[in-house]
Amino acid sequence: MAQGNETVIEQMAGEDVSAEPTFSEMTSVFARIGFLSFGGPAGQIGLMHRILVDERRWISEERFLHALNYCMLLPGPEAQQLATYIGWLKHGVRGGMIAGLLFVLPGLAVIIALSTAYSLYQDTTWLTGLFFGLKAAVLAIVVEAVIRLGRKTLKSRLLFAIAALAFISLFFFSLPFPLVVLMAGIAGFVSARSGGQPTGTAAPIDLPKRPPALKAIATLLFWIGVWQLPLLALWLVSGTEALSAMFTFFSKMALVTFGGAYAVLAYVAQVAVQDYGWLKPGEMLDGLALAETTPGPLVLVLSFVGFLVGFREAAGLGPVAGGVVGALLVAWATFVPSFIWIFAGAPFIERLRGNATFSAALSAITAAVVGVILNLAVWFGMHVLFREVGEISLWQAAGLHVSWPVWTSLDLVAFLLFLLSAFLLFRMKVGMVPVLAICALAGLALKLPALL
């Protein structure tokens with residue numbers, strides 16, 4: 001069933017892309033991306049854009065943004081879904097599997113190792129020094145991504161206005177970004193149908209054949225079965241009631257996690273602490289601190305919860321072995337749906353590239369995505385450069401509030417490392433990996449002694 005989807009050909013008419021990568025080349029590059037994907041979705045999307053569009057030229061700007069627009073509308077980690085989509089474009093289902101897995105597995109291995117250390121020693125202070133400089137460098141990469149995407153996508157006043165409104169809606173009103181993206185798409189669609197200012201064009205391109213309906217349904221059912229397979233295994237093993245309840249809960253969460261880890265963090269913490277008693281108060285924030293210092297999607301914080309449940313409640317297993325099983329179960333429940341959305345939906349989404357009206361809608365969504373990434377970049381920047389970030393209510397009746405840093409809490413070391421990273425990237429044109437390495441070592445040398 002998994003082999004049913006054929007590889008989608010990238011060399012479309014008018015697209016400025018290089019030769020198709022071999023499967024081994026693609027595997028190597030996505031392994032590199034998986035190990036370097038720090039900084040949350042903004043940093044991860046910027047990283048993939050830099051490597052896949054600018055450096056390797058494996059995918060065109062238009063194709064990258066088309067895939068990103070679709071992923072922004074899905075529940076779950078959009079950056080992992082984007083990696084899966086691009087892998088599917090390059091080498092079909094096996095390419096999507098490899099790209100999606102390599103985006104998650106390095107971070108999952110790190111979070112399991114850190115969760116083990118946390119459970120045994122209850123100490124995460126040393127992580128602050130280890131990843132301090134790395135975050136400053138990622139911030140510079142995020143800023144570069146926002147500037148690059150803005151220049152390439154905001155080609156009209158309407159698109160610029162959509163991007164600005166998206167940022168305002170998120171930063172000041174905290175609206176769910178799927179709603180913001182959906183409204184942008186409607187605006188672009190209406191503009192195109194009314195003959196207003198064009199927001200996109202549909203170039204003459206070759207499109208994949210329409211997937212047969214029965215084949216699409218069979219693909220969907222197959223991946224749903226794969227997704228829920230661990231639950232069957234848990235039911236067959238006695239003493240795993242806690243793990244079964246946990247797997248069921250996080251399977252439900254995977255269907256409603258619009259907006260990433262922060263959107264569901266408070267709810268998961270409440271359920272895990274108050275309803276199930278899986279965590280102690282404050283442990284979710286410790287897990288978030290661990291997840292923020294690892295590569296991969298920030299939603300990996302949920303695997304930290306799974307580790308603690310398995311560590312404490314998995315009958316018949318040792319604490320560490322139970323923790324590893326719990327972390328893997330949560331990762332399975334959380335990330336397998338991303339493959340479902342891509343393998344079942346992407347063949348249909350690809351066909352929309354030839355529709356001028358839908359191209360206009362997706363161009364408007366692209367503009368909103370620029371605003372989304374800018375909002376993420378501002379939030380990430382405040383938490384990297386300042387020790388304290390509060391919230392200011394501007395108009396309580398309208399729900400108008402804004403996150404705002406305490407200016408006296410500016411971390412001069414982080415600010416200097418950010419300036420160094422920006423200078424190396426923008427002025428000296430140094431590669432991303434050397435910049436990350438330089439700032440990580442500098443941050444460790446400057447910050448760690450003060451933490452000991």
Side-chain angles (χ1 to χ4, degrees), residues 31 34-35 37-38 76-77 80 97-98 100-124 126-127 130-131 226-254 257 261 264-265 268-269 271-273 276-280 282-339:
F35 280 102
S37 57
F38 295 88
Q80 187 233 353
M97 289 288 296
I98 287 295
L101 287 174
L102 288 176
F103 192 85
V104 172
L105 290 180
L108 179 60
V110 173
I111 201 69
I112 289 176
L114 297 179
S115 298
T116 303
Y118 176 86
S119 299
L120 295 176
Y121 306 111
Q122 293 287 311
D123 183 21
T124 60
W126 58 276
L127 292 172
L130 184 60
F131 291 99
V226 170
W227 178 32
Q228 292 300 303
L229 191 60
L231 189 58
L232 176 61
L234 290 172
W235 279 343
L236 298 175
V237 179
S238 60
T240 59
E241 290 79 8
L243 295 179
S244 297
M246 180 189 69
F247 184 84
T248 301
F249 172 72
F250 282 107
S251 293
K252 295 176 182 178
M253 285 296 96
T257 50
V264 295
L265 183 61
V268 170
V271 172
V273 174
Y276 288 101
W278 290 336
L279 272 68
K280 301 174 185 176
E283 287 185 330
M284 178 62 84
L285 293 179
D286 291 338
L288 183 60
L290 295 179
E292 285 181 329
T293 57
T294 64
L298 192 58
V299 78
L300 279 170
V301 65
L302 302 182
S303 287
F304 169 79
V305 178
F307 186 96
L308 292 185
V309 175
F311 187 88
R312 295 165 178 169
E313 302 190 31
L317 297 173
V320 174
V324 172
V325 171
L328 293 176
L329 285 172
V330 171
W332 188 282
T334 301
F335 293 110
V336 170
S338 294
F339 296 104

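Computation of the quantities below employed the complete heavy-atom set of this structure, encompassing side-chain atoms and omitting hydrogens, waters and symmetry-equivalent molecules. Each residue takes its place number in the sequence, starting with 1.
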Report yes if the side chains of Tyr276 and Val309 come closer than 4.5 Å at any heavy-atom pair, otherwise no.
no
Kindly say whether Ala331 contributes a backbone atom to a donor-acceptor pair with the side chain of Thr334 at under 3.5 angstrom?
no
d(Phe307 CZ, Arg312 CZ) to nearest 0.5 Å is 10.0 Å
Here the pair of heavy atoms bringing Pro230 nearest to Val226 is CD-O, 3.9 Å
Rounded at 0.5 Å granularity, tell me how far CG in Leu108 sits from CH2 in Trp332.
12.0 Å
Test item: Leu243 and Val325 side chains (from C-beta on) under 4.5 Å apart, heavy atoms:
yes
Step by step, work out the side chain to side chain contact (heavy atoms under 4.5 Å, CB included) result for Val324 and Leu328.
CA-CA 6 Å; Val324 172; Leu328 293 176; 4.0 Å; yes
Sequence-distant partners of Ser338, side-chain hydrogen bond (donor to acceptor under 3.5 Å, both in side chains), two or more places apart:
Gln80, Gln81
Find out whether Leu234 and Leu329 are in side-chain contact, i.e. whether some heavy atom of one side chain is under 4.5 Å from a heavy atom of the other.
yes
Which of parallel (below 30°), tilted (30 to 60°) and perpendicular (above 60°) describes Phe304 and Tyr118?
perpendicular
Going by side-chain hydrogen bond (donor to acceptor under 3.5 Å, both in side chains), name the residues that satisfy it together with Ser251, two or more places apart in sequence or in a different chain.
Gln228
Mind listing the closest non-hydrogen atom pair of Ser37 and Phe103 along with its distance?
CB-CE1, 4.0 Å
Roughly how far apart are Leu302 CG and Phe335 CZ, rounded to 0.5 Å?
7.5 Å
Nearest heavy-atom pair of Ala254 and Ala333: which atoms, and what distance?
CB-O, 3.4 Å
Within a strict 4.5 Å, meaning less than it, do heavy atoms of the Phe339 and Leu101 side chains meet?
yes
Scanning both residues in full, the closest heavy-atom pair of Gly306 with Val330 reads CA-CG2, 3.5 Å
Side chain to side chain, Trp278 and Leu308, heavy atoms closer than 4.5 Å:
no
Shortest non-hydrogen separation from Leu102 to Pro106 and the atoms involved
O-CD, 3.0 Å
